[in-house]
Chemist: 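One structure, as structure tokens, below. Some questions next.
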Amino acid sequence: MTANGSADLVIVANRLPVDRVIDPDGTPRWRRSPGGLVSALEPVMRVHDGAWIGWPGGAQEEGEEDLEPFVEDGMQLVPVPLSAQEVEEFYEGFSNGTLWPLYHDVVAKPLFKREWWEAYKRVNQRFAERAAAVAARGAMVWVHDYQLQLVPQLLRELRPDLRIGFFLHIPFPPAELFSQLPWRRAVLEGLLGADIVGFHLPGGAQNFVRLVRQRVGHKTHRDLVTLPDGRQVRAAAYPISIDAADFEELARSPEVTRRAEAIRGALGHPKRVLLGVDRLDYTKGIYPRLRAYAELVADGTFDVEDTVFVQVATPSRERVDEYRKMRDEIDMLVGRVNGNLGRIGHPAISYLHSSYPREEMAALYRAADIMVVTPYRDGMNLVCKEYVACRYDNDGALVLSEFAGAAHELSQAWLVNPYDINGMKAAIVEAANAEPKEVTRRMKAMRKTVREHDVDRWATGFLDELDAVRPPGRRRVRRPAG
Ligand code: F6P
């Protein structure tokens, strides 16, 4: 395929950074979806005549015309439609019923269905074709996440002139688990189409290199894989982050400050607010966290008259069986705990099954005294970084699972094993009773990390390395000033 496209930088991600919303008068329009990734990439996209390829959400009706590419905030957006069957087999099926549980320590049982794999290959091919069509000669293409692991190789076959990067936003499992996948070799070969394969943690990169050696048989040395044609692929860690300055600014705003006070007021001005914020996902360890807290209320350590646990659970992947099952389990647990331990006007757990705008999240982070983040396994976990960014007074404690990628950077948190209920209870109590000086010491150190390693540094770091992959004759991509 020849290069007809004009984009010097192409982002390929499962979702577009916009949502389709319908105005009250029935007119459909696109609304930018909030997210660190798009804010970090926007400046560089503008300078490079960038394009973003992704699924616009929903299912394309039979016979419905494809949505045309359009320009939004200076970015060319290229929608990749999915049919209802593809949503079921590619998105809910292979992506979220096979890869998601497999890559998260098999916390739920992955399903291996051959028709899902066929849909995954088909949809990855479509993404690769769109990328091949919009990329300029020698462009950089950055492919994101587990839904699109075959795109690097498919794209390289179509456009060998491109520099291709891949970043995995979830954990990459150890060989012992990954090897369950019937299509393991094809997935590894798909990723090897990239010049750089990025992971959150060095452990993920090492798992990948080891698997490539074992299962594909290529030569490897440290973080480098050498392919039979001499091309080299580098596997390395690039821990993602948030726009910390932006969150802090939001947290300092008078609106958010007022809202945080109003939240505490609505909770009855408690002495202590514990907070959990998660997508309603079985990897997040919401159940054991609430159980640990409920036991602390039941044994009298905490009193519902002056302490409350606010749990925000954002609806997610609601048509996937495991997600439905876990929602029922959490609903039942919260109902039982509040029924048994709550008093009038004082539930033990204030449970919100909803998603909120960033302003409300910042107010919740400000209103909390202790944030409790206890995933069984999490690639990074950005919620805890957002909380840290919002605690500009250097107060607020963080209880964090050692199985979240963020624990590698935020080692001053009270680290817990989410499988150990007693250990979690002890850490929550310790955090609640810690001297303010100790809380400040820990928070200060974590804030420094989050401030210094923000999402801009992450994106720039990755793209600079990809830019340096320059076989002869390729043009260099301009960086934005500042
Ligand atoms: O963490 C992986 C991820 O795919 C994110 O990129 C995304 O924001 C989140 O999970 C929710 O995923 P979905 O697109 O399935 O709603």
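Atoms within a ligand are numbered from 1 in the order they appear, just like the ligands themselves.
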Chemist: Numbering the atoms of ligand 1 from 1, which are under 4.0 Å from a heavy atom of Arg15?
Modeler: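 Answer, ordered by atom number: 13 (P), 14 (O), 16 (O).
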Chemist: Looking only at distance, does Arg317 have an N or O less than 3.5 Å from an N or O of ligand 1?
Modeler: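 By distance alone, the answer is yes.
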Chemist: For Gly276 versus Phe309, what's the shortest heavy-atom pair and its separation?
Modeler: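 Looking at all heavy atoms of both residues, the shortest contact is N-CE2, 3.5 Å.
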Chemist: Counting only heavy atoms on the protein side, is anything nearer than 4.0 Å to atom 4 (O) of ligand 1?
Modeler: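 Given the 4.0 Å limit, the answer for atom 4 (O) of ligand 1 is yes, a protein heavy atom qualifies.
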Chemist: Does CD belonging to Glu65 count more than 12 external heavy atoms closer than 6.0 Å?
Modeler: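 Check fails, neighbour count at 12 or below.
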Chemist: Give a yes-or-no answer on whether the side chains of Asp281 and Tyr376 include a donor-acceptor pair shorter than 3.5 Å.
Modeler: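 No pair is found: no donor N or O on one side chain lies under 3.5 Å from an acceptor on the other.
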Chemist: Is there side-chain contact between Ile170 and Asp145, with at least one heavy-atom pair below 4.5 Å?
Modeler: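 Ile170 reaches Asp145 side chain to side chain.
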Chemist: Look at atom 15 (O) of ligand 1 and say which protein heavy atom is nearest, naming residue and atom and giving the distance to 0.1 Å.
Modeler: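 Checked against all protein heavy atoms, atom 15 (O) of ligand 1 sits closest to Tyr91 OH, 2.5 Å.
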Chemist: If you measure every N or O of Ser316 against every N or O of ligand 1, does any of those distances drop under 3.5 Å?
Modeler: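 In fact, backbone or side chain, Ser316 has no N or O that close.
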Chemist: How does Tyr103 reach ligand 1, by side chain, by backbone, by both or by neither, if only non-hydrogen atoms under 4.0 Å count?
Modeler: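 Neither; no heavy atom under 4.0 Å.
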Chemist: Closest heavy-atom contact between Thr98 and Leu181?
Modeler: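 It is CG2-CD1, 4.0 Å.
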Chemist: Could you tell me, atom by atom, which parts of ligand 1 come under 4.0 Å of a heavy atom of Trp100?
Modeler: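 The list of qualifying atoms is 2 (C).
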Chemist: Are Phe167 and His169 close enough that some pair of their side-chain heavy atoms sits under 4.5 Å apart?
Modeler: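 Yes, at least one pair of side-chain atoms sits under 4.5 Å.
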Chemist: For residues Tyr293 and Gln311, is any side-chain donor paired with an opposing acceptor at under 3.5 Å?
Modeler: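 Tyr293 vs Gln311: no donor-acceptor pair found between side chains.
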Chemist: Answer yes or no for atom 11 (C) of ligand 1: protein heavy atom present at a distance under 4.0 Å?
Modeler: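 Within 4.0 Å of atom 11 (C) of ligand 1, protein heavy atoms are found.
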Chemist: Check each heavy atom of Arg279 against ligand 1 and say whether those closer than 4.0 Å belong to the side chain, the backbone, both or neither.
Modeler: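 Side chain only.
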Chemist: List ligand 1 atoms under 4.0 Å from Gln147, heavy atoms only on the residue side.
Modeler: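 Under 4.0 Å from Gln147, ligand 1 has these atoms: 4 (O).
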Chemist: What residue and atom, counting heavy atoms only, is the protein's closest point to atom 6 (O) of ligand 1, and at what distance?
Modeler: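 Its nearest protein heavy-atom neighbour is Asp145 OD2, 3.7 Å.
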Chemist: Report, in ascending order of atom number, the atoms of ligand 1 lying under 4.0 Å from any heavy atom of Tyr146.
Modeler: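 With Tyr146 as reference, the close atoms of ligand 1 come out as 4 (O).
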Chemist: Quick one about Asp66 and Gln60 (side-chain donor to acceptor, distance below 3.5 Å, no hydrogens or angles considered), yes or no?
Modeler: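 Per modelled atom types, Gln60 and Asp66 side chains form a pair under 3.5 Å.
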